[in-house]
> 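My structure is below; once you've seen it, I'll send some questions.
These numbers come from the heavy atoms of this one structure, side chains and all, not from hydrogens, waters or symmetry mates. The residues of the chain are indexed from 1 along the displayed sequence.
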Amino acid sequence: SAIYLNTSGFDFLVHLFNVHNLVDGYNRSINVVYWTLAVEFQWYLLAPLFILLFIKNKMEFQALMLLICILISITLRFYYFKQYLNNQFNLPSLVWVANDQLYIHLYNFLLGVFLYQCRNIQIKIHFLLMLLLLTLMLYIGYVQSDLTSGINMHLEQLTQYRLILGYIAILALAFLVFAFLNVELGNSAYRLVSFISLVSYSLYLYHLPILDYLKAYHLHWYIYLPVFLFGSVGVASLSYFLVEAPFLRFSSALNRK
């Protein structure tokens, strides 16, 4: 739950019903990261239809459907960016239609369903390949963090390149997740994963403001990346233990009464 101050009644209502991403100008009006909540909520409404269509067919069809959704997402983003270059959209409206909608991210959800379908398939991944993929994802994340500057400067090819890199990173992450589904973690690794999971909601809320704040300093990537990672986890941890955890304890106490 959240308390919204200095917002209009309409703004509050569209956020309350998680449809704020459907109205231009309200998709990021209260908190920048809340657009994802609307997309997730709308997916939950449509999930039964998509999942039934998805799992009732063979794996080859599912892979083809997933590929089509990825291509649709890329095509729409390229098209809307072209419209932006032709002054049909301003930047906030471009973000609205080309990022904050379910049709752009539908492939993400179907990718998760597809991985779940393949959960009994075990694959082994070499440690060096794992490090390579992780390094690739971190590098892409660093490159992607400067996506807006390329859009503002109307750099078409550079922006398209960075967008494609984002899809590559998501597929690499999906492969890593799939590879580790059946891996038994040691105590240290388990504690680390459990801790990140514990503060994940706070991390979700704070990582983008921290990212935007650090970008203003124009740091080298080898300084920027560790500061961003440790800074985000540090702030998220403080938020969890000082804000989230006390409210969770208070909520539990109320439920026991």
Side-chain angles (χ1 to χ4, degrees), residues 32-33 35-36 39 66-67 69-71 73-78 80-81 91 94-95 98-100 104-105 107-112 114-115 123-181 183 185 188-189 192-193 195-197 199-200 202-237:
V32 171
V33 298
W35 68 267
T36 62
V39 169
L66 185 58
L67 176 61
C69 287
I70 292 174
L71 292 176
S73 179
I74 294 172
T75 302
L76 286 174
R77 278 181 156 166
F78 281 13
Y80 287 133
F81 182 58
L91 182 57
L94 175 65
V95 172
N99 188 77
D100 294 2
I104 296 295
H105 301 282
Y107 75 94
N108 276 302
F109 297 103
L110 292 181
L111 180 58
F114 184 74
L115 290 179
I123 59 173
K124 293 184 178 180
I125 178 173
H126 195 277
F127 180 72
L128 290 178
L129 177 58
M130 179 197 71
L131 288 181
L132 179 62
L133 289 174
L134 286 173
T135 303
L136 174 66
M137 289 166 53
L138 291 173
Y139 170 75
I140 291 175
Y142 173 73
V143 172
Q144 279 279 94
S145 70
D146 204 27
L147 178 64
T148 304
S149 67
I151 294 174
N152 285 332
M153 297 169 63
H154 287 215
L155 301 176
E156 183 174 4
Q157 290 186 343
L158 179 62
T159 299
Q160 291 176 345
Y161 162 71
R162 287 172 174 168
L163 286 172
I164 293 295
L165 282 180
Y167 290 87
I168 294 174
I170 289 172
L171 292 174
L173 175 62
F175 176 76
L176 284 174
V177 169
F178 178 70
F180 282 102
L181 281 177
V183 171
L185 297 176
S188 298
L192 176 62
V193 172
F195 177 75
I196 296 298
S197 299
V199 302
S200 60
S202 295
L203 191 60
Y204 158 74
L205 290 178
Y206 294 113
H207 79 282
L208 195 56
I210 293 173
L211 185 70
D212 290 336
Y213 176 78
L214 290 175
K215 282 195 296 187
Y217 289 91
H218 305 288
L219 301 172
H220 292 293
W221 71 269
Y222 50 83
I223 298 175
Y224 179 96
L225 188 58
V227 170
F228 169 64
L229 290 176
F230 288 105
S232 297
V233 173
V235 172
S237 302

> So how far is it from R77 CZ to I164 CD1, rounded to the nearest 0.5 Å?
10.0 Å
> Could you measure the distance from the CG atom of L171 to the CG atom of L66? Nearest 0.5 Å is fine.
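CG of L66 is found 7.5 Å from CG of L171.
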> Please report the C-alpha distance between I151 and V95 in whole Å, then the side-chain angles of each, then the deciding distance to 0.1 Å, and finally whether the side-chain contact (heavy atoms from CB on, under 4.5 Å) criterion is met.
CA-CA 10 Å; I151 294 174; V95 172; over 6 Å; no
> Between S200 and S197, is there a donor-acceptor pair closer than 3.5 Å when you use the side chain of the first and the backbone of the second?
yes
> Mark yes when over 12 heavy atoms from residues, nucleotides or ligands other than Y213 sit less than 6.0 Å from its OH; otherwise mark no.
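Open: at most 12 neighbouring heavy atoms sit under 6.0 Å from OH of Y213.
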> Taking atom CG of L158 and atom CD of E156, what is their separation to the nearest 0.5 Å?
11.0 Å
> Which distance, rounded to the nearest 0.5 Å, do you find between the CG of L111 and the OH of Y167?
12.5 Å
> Tell me whether Y204 contacts the main-chain N or O of V33 through its side chain, where contact means a donor paired with an acceptor under 3.5 Å.
yes
> Is H105 reaching over with its side chain to a backbone N or O of S73, donor-acceptor style, under 3.5 angstrom?
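Flag not set: sc H105 to bb S73 has no pair under 3.5 Å.
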> Of the non-hydrogen atoms in C69 and L110, which two are nearest, and what is the gap between them?
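Taking every non-hydrogen atom into account, SG-CD1, 3.6 Å.
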> Looking at every non-hydrogen atom in both residues, tell me the closest pair between D100 and V39 and how far apart they are.
O-CG2, 3.7 Å
> Which pair of heavy atoms, one from A236 and one from Y206, lies closest together, and at what distance?
CA-CD1, 4.4 Å
> What is the minimum heavy-atom distance between F228 and H207, and which atoms define it?
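The pair with the smallest heavy-atom distance is CE1-O, 3.3 Å.
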> When rounded to the nearest 0.5 angstrom, what is the spacing between CD1 in I168 and CG in L173?
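I168 CD1 to L173 CG: 13.5 Å, rounded to 0.5 Å.
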> From R162 CZ over to L155 CG, what is the distance, rounded to the nearest 0.5 angstrom?
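Interatomic distance, R162 CZ to L155 CG, rounded to 0.5 Å: 7.5 Å.
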